[in-house]
Amino acid sequence: MLPELDQRVRLDVYDRLVAGERAPTVAESAVRLDAAEHDVAAARRRLDELHALALRPGSTDVWMAHPFSAVPTGYRVIGDGRSWWANCGWDAVAIPTLVGQDARIEAACPDCGHDFDLEVAGGGLRGEDGVVQFCVPPSQFWDDIGFT
């Protein structure tokens, strides 16, 4: 069980990302949560250690809150006037389900650069045929989460 502040910090990050906004800074979360910045930063570091969030290396800035990316990527999900960045094709398909919204996914093949669009509608995936390849087994994803 996560400490209460850690839960609140994580929820604050997800609330902003689900709303289609950017990830909050430590200072913004501290104000919203009525907490000290150093406590919010410490909570983020604990969440990163537990793989509940991924922080940018060497900082307390949110990098990933799976399936959301807090930075632009090659996987953009668009629906209901909001948009989100996903970490990979797998995460891009997960976002519409998580937010309960039909959405369009704009992506490019990381190998050949071919642009493709997918749609998640009515709980199903529609679009071009394709293959998802995982370069490492899921048990090793966190060995280098930026690569995976």
Side-chain angles (χ1 to χ4, degrees), residues 1-120 125 130-148:
M1 182 94 175
L2 292 174
E4 180 186 353
L5 180 60
D6 295 20
Q7 292 178 43
R8 293 173 55 219
V9 166
R10 186 176 187 213
L11 184 59
D12 185 51
V13 169
Y14 274 95
D15 281 347
R16 300 292 132 228
L17 291 173
V18 167
E21 300 172 13
R22 64 173 174 72
T25 65
V26 167
E28 290 167 341
S29 288
V31 168
R32 269 197 292 281
L33 302 175
D34 192 28
E37 287 185 30
H38 65 88
D39 291 336
V40 171
R44 284 186 177 193
R45 284 191 291 274
R46 288 189 297 272
L47 292 166
D48 182 64
E49 289 172 10
L50 294 170
H51 302 162
L53 293 177
L55 301 179
R56 288 185 187 202
S59 81
T60 54
D61 295 335
V62 176
W63 186 17
M64 302 173 199
H66 291 89
F68 302 98
S69 174
V71 298
T73 68
Y75 303 91
R76 187 163 183 208
V77 182
I78 302 164
D80 191 32
R82 296 178 286 174
S83 66
W84 307 270
W85 295 107
N87 300 297
C88 64
W90 188 258
D91 286 348
V93 173
I95 288 174
T97 301
L98 183 69
V99 301
Q101 180 65 51
D102 291 348
R104 181 171 44 90
I105 299 166
E106 297 175 345
C109 174
D111 180 52
C112 69
H114 171 73
D115 289 334
F116 62 92
D117 288 340
L118 300 172
E119 182 180 358
V120 176
L125 180 61
V131 174
V132 175
Q133 177 180 356
F134 296 96
C135 298
V136 296
S139 64
Q140 295 175 10
F141 282 178
W142 281 93
D143 292 351
D144 183 356
I145 196 62
F147 168 74
T148 306

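Judged purely by atom type and a 3.5 angstrom limit, N87 has no side-chain atom pairing as donor or acceptor with the backbone of H66. The closest donor-acceptor contact from the side chain of W84 to the backbone of L17 lies under 3.5 Å. The closest donor-acceptor contact from the side chain of S29 to the backbone of V26 lies at 3.5 Å or more, if one exists at all.
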If you look only at distance, which donor and acceptor atoms sit under 3.5 Å apart when one is on a side chain in residues 76-83 and the other is two or more places apart or in another chain?
unit_1, atom_1, unit_2, atom_2, d
R76, NH2, S83, OG, 3.1
R82, NH1, V18, O, 3.0

Contacts table for residues 30-37: side-chain donor-acceptor under 3.5 angstrom, sequence neighbours left out:
unit_1, atom_1, unit_2, atom_2, d
R32, NE, D12, OD1, 2.7
R32, NH2, D12, OD2, 3.4

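Side-chain contact between E119 and L125 is absent, with no heavy-atom pair separated by less than 4.5 Å. Counting heavy atoms from C-beta outward, D91 and F68 have side chains that stay 4.5 Å or more apart. Considering only heavy atoms from C-beta on, R104 stays 4.5 Å or farther from L118 through its side chain. Annotation: side chain of M64 is not in contact with side chain of H51 (no heavy-atom distance under 4.5 Å). V13 is not listed as a side-chain neighbour of R10, based on a closest heavy-atom distance of 4.5 Å or more. Under the 4.5 Å side-chain criterion, counting only non-hydrogen atoms from C-beta, D61 is not in contact with L55.
Of the inter-residue distances, the one linking W63 atom CH2 with S69 atom OG reads 8.5 Å to the nearest 0.5 angstrom.
For I105 against A92, the heavy-atom pair with the smallest separation is CD1-O, 3.4 Å. Closest heavy-atom contact between A107 and D117: N-OD1, 4.4 Å. Nearest approach of A108 to F116, heavy atoms of both residues: C-CE2, 3.7 Å. Between D48 and A54 the shortest heavy-atom distance is OD1-CA, 3.3 Å.
Ion pair E49/R44 not flagged as a salt bridge, since none of the NZ, NE, NH1 or NH2 atoms sits closer than 4.0 Å to an Asp/Glu carboxylate oxygen. The residues R16 and E21 are annotated as salt-bridged, a charged nitrogen and a carboxylate oxygen being separated by less than 4.0 angstrom. Salt bridge status for R46 with D6: present, with a side-chain N to carboxylate O gap under 4.0 Å.
With sequence neighbours excluded, the residues forming a side-chain contact (heavy atoms from CB on, under 4.5 Å) with D102 are A121, listed by chain and number.
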